[in-house]
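The structure appears right after this line, and notes come after that.
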Amino acid sequence: MAHRFDVEARFSAGAQYIGGRLRAGNAGRPQSVVDPATGEDVLSYELASPADVDEAVAAAAAAYPGWSGATPGERSDALHRLAGVLAAQAADFAYAESLQCGKPIRLTTEFDVPGTIDNTAFFAGAARHLEGKGAAEYSGDHTSYIRREPLGVIGSIAPWNYPLQMAAWKILPAIAAGNTIVLKPSELTPLTSLMFAEAASEAGIPDGVVNVISGAGADAGERLVGHPDVVMTSFTGSTGVGKRVAEIATRTVKRLHLELGGKAPFVVFDDADLEAAVHGAVAGALINTGQDCTAATRAYVQRPLYDAFVAGVADLMAGVRLGDPMDPATDLGPLISYAQRDRVAAFVERAAAAGARIVTGGRIPADLKGAYYEPTLVADAAQDSEIVQSEVFGPVLAVLPFDSDDEGLALANDTAYGLAASAWTRDLYRANRATRELKAGCVWVNDHIPIISEMPHGGYKASGYGKDMSSYSFEEYTQVKHVMQDTTGAARKDWHRTIFAL
Ligand code: NAD
């Protein structure tokens, strides 16, 4: 069983972390953090008001000169210490993340928390490796070099599906590069973002460098995106809200980083290892109860393997254990809320009404109190149907057959999204073609889901632009200055003749 702590006692001062201290919000509206496995409140807190956002931005702005002026080595040392603090509190983080999201404790203990610690260690190293083109005399008469500079105060907004990892993905590259940050987690899941900010303070990162605002999207979120002293918005969430965020950010010419929805295809060619593909599909579809922007959501299976694949996936899905997220034996937890569960159920009902076949699942389990939904396999849906085209964000996999390789790849690319995809084959040339032609920011071959700190995560098409994780994320969180310095010392430069006669 999970290591528990008293959440109400820990956040008795409030759920806003501004200038290095926890305090209550001033929106005048209480918000509950609910355990989706039971429907019970684990914390009631006051939401942040727009004025709280202003205060957090002011704290971040005040911390900026000192933090941006620290050496890369000093920032690296602080991040190394942060990795140590996170490791020491790993069990608390796993518990809080499981509690607020309903994630099985095995997932938080083996994936969310160690992934976050590894990310922190990665950015501790990367802080010392900001890159630029070599200084040189490109014109012959000047030395040119690049300064890679931080931007200032970053405003970041995160969703509820991986609150700890999203906090880490937003905060780490931003502060490693010398920025300061105000992060708004989802108001449903603020706990681990607050704990991450507290851990940063414990590691000696100065007050105001990392601030967390627990507020609603429409007021606190929009204030953060529209704030004149925030220079960049980094948003992870749905494509619909991302469009609204982009509109607001554009008014103040902010730099924008958008990590949006996904509808990842899972393409199984007829030479694939069937057992590997079946296991990969179930793991890829059910991770985090399907509330994963890269989850396998559309399996395209070449006709000779189709029936065996459908039978294998249905069989494996039927054996998945739903239950108490705090029990290490539990495979699948609830969805984030009853509302999300009902949304998923409605997608499946509409798919069935439109002629799709529910091979397994498709029900709300009667014996579980929380927001649970059975692992569900949907066959015979049309390519242009809602269940194949729209983000369901639940434990639901649609499966469709294809004949030629051309057709399989075309179907895989036929949605608005482009976050991730996978190809399953033992043929090198097919794999090579699929990795080239699949339009997604990540393509796996013979696997689906793994991520690593050294490699970027980010979308194509309506899945957004910009990268999280890896050194590529520094392209978002730094700006490049060209410095061009005369080497001749001449008062009358040669090139002046172009402008006036010498
Ligand atoms: P959401 O878009 O509803 O909310 C995301 C965040 O935006 C929340 O913090 C919310 O409070 C805030 N928000 C809402 N309205 C706002 C507004 N008008 N102005 C500013 N902020 C506002 O998404 P969600 O339901 O929390 O999360 C699920 C979505 O996130 C899915 O679409 C999923 O694909 C996406 N996601 C994408 C990635 C990725 O890397 N591409 C990763 C995780 C989740």
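Just so you know, ligand 1 is whichever comes first in the structure, and atom 1 is the first atom listed for that ligand. Worth knowing before you read on, the calculation uses all heavy atoms, side chains too, and leaves out hydrogens, waters and symmetry mates. Every value quoted in this text rests on a predicted model; they were computed, and no experiment measured them.
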Should Ala220 be listed as contacting ligand 1, given a heavy-atom distance under 4.0 Å as the test?
-> no
Would you indicate whether the side-chain heavy atoms of Gln31 and Ser44 approach each other to under 4.5 Å?
-> no
Determine, for Phe347 and Arg350, whether the Lys NZ or Arg CZ falls below 6.0 Å from the six-membered ring centre while staying within 45 degrees of the axis.
-> yes
Ranking Cys293, Pro159, Gly237 by closest non-hydrogen atom to atom 35 (C) of ligand 1, top hit is Gly237
Verify atom 15 (N) of ligand 1: protein non-hydrogen atom under 4.0 angstrom away | yes
Residue-ligand contact Phe235/ligand 1, heavy atom below 4.0 Å = yes
Just do the side-chain contact (heavy atoms from CB on, under 4.5 Å) check on Tyr45 and Glu187 with the steps written out, would you?
-> CA-CA 10 Å; Tyr45 71 93; Glu187 58 275 36; 3.5 Å; yes
Mark the output for Ser186 as yes if a heavy-atom distance to ligand 1 is under 4.0 Å, and as no if none is.
-> yes
Of all protein heavy atoms, the one nearest atom 37 (C) of ligand 1 is Leu260 O, 3.1 Å
Ser422 vs Leu438 side-chain heavy atoms within contact, under 4.5 Å = no
So which bit of Tyr162 gets within less than 4.0 Å of ligand 1, heavy atoms only: side chain, backbone, both or neither?
-> neither
Run down the list Ser337, Ala158, Gly262 and name the one with the heavy atom closest to atom 8 (C) of ligand 1.
-> Ala158
May I ask you to check if ligand 1 and Ser238 share an N or O to N or O distance below 3.5 Å?
-> yes
Please walk me through it: do Tyr373 and Thr289 pass side chain to side chain donor-acceptor pair (under 3.5 Å)?
-> CA-CA 9 Å; Tyr373 193 73; Thr289 317; over 6 Å; no
Would you indicate which of Lys263, Glu222, Lys184 comes nearest to atom 10 (C) of ligand 1 when only heavy atoms are counted?
-> Lys184
Contact check: Trp160 vs ligand 1, nitrogen or oxygen atoms, below 3.5 angstrom | yes
Just let me know how Thr294 lines up against ligand 1, side chain, backbone, both or neither, with a heavy-atom cut-off below 4.0 Å.
-> neither
Within a distance under 4.0 Å of any heavy atom of Pro185, pick out the atoms of ligand 1 and give their elements.
-> 9 (O)
Do Gln16 and Ser214 have side-chain heavy atoms sitting under 4.5 Å apart?
-> yes
In this structure, CG of Asn161 is separated from CG of Leu188 (nearest 0.5 Å) by 11.5 Å
Check whether any N or O atom of Arg244, backbone or side chain, sits under 3.5 Å from an N or O atom of ligand 1, and answer yes or no.
-> no
Under-4.0 Å heavy-atom contact with ligand 1, by part of Ile248 that carries it = neither
Considering only heavy atoms of Asn161, which atoms of ligand 1 have at least one such atom less than 4.0 Å away?
-> 43 (C), 44 (C)
Measure the spacing between CZ of Phe122 and OG of Ser471 and express it to the nearest 0.5 Å.
-> 4.0 Å
Which residue and non-hydrogen atom of the protein lie closest to atom 21 (N) of ligand 1, and at what distance in Å?
-> Ile157 CD1, 3.6 Å
From the candidates Gln165, His457, Glu391, the one that places a heavy atom nearest atom 34 (O) of ligand 1 | Glu391
Counting from 1, what ligand 1 atoms have a heavy atom of Gly221 closer than 4.0 Å?
-> 20 (C), 21 (N)
Side chain to side chain, Leu332 and Tyr372, heavy atoms closer than 4.5 Å = no
Give the residue, atom name and distance (to 0.1 Å) of the protein heavy atom nearest atom 13 (N) of ligand 1.
-> Gly217 CA, 3.5 Å
Do any nitrogen or oxygen atoms of Ala216 come within less than 3.5 Å of a nitrogen or oxygen of ligand 1?
-> no
Decide side-chain contact (heavy atoms from CB on, under 4.5 Å) for Arg10 and Asp92; before the verdict, give the C-alpha distance in whole Å, the side-chain angles of both, and the deciding distance to 0.1 Å.
-> CA-CA 11 Å; Arg10 179 148 187 176; Asp92 279 3; 3.7 Å; yes
Side chain or backbone of Leu224 under 4.0 Å from ligand 1, or both, or neither, by non-hydrogen atoms?
-> neither
Step-by-step side-chain contact (heavy atoms from CB on, under 4.5 Å) determination, Ile105 to Met326 = CA-CA 5 Å; Ile105 195 75; Met326 298 301 168; 4.3 Å; yes
Would you mind checking which non-hydrogen protein atom is closest to atom 33 (C) of ligand 1, with the distance to 0.1 Å?
-> Phe393 CZ, 3.2 Å
Decide yes or no for Val231 and Arg255: does some side-chain heavy atom of the first lie under 4.5 Å from some side-chain heavy atom of the second?
-> no
Counting from 1, what ligand 1 atoms have a heavy atom of Thr236 closer than 4.0 Å?
-> 5 (C), 36 (N), 37 (C), 38 (C), 39 (C), 40 (O), 42 (C), 43 (C), 44 (C)
Is there a side-chain contact between Val301 and Trp424 (heavy atoms, below 4.5 Å)?
-> no
Does the gap between the ring centers of Phe123 and Phe474 come in under 6.0 Å?
-> yes
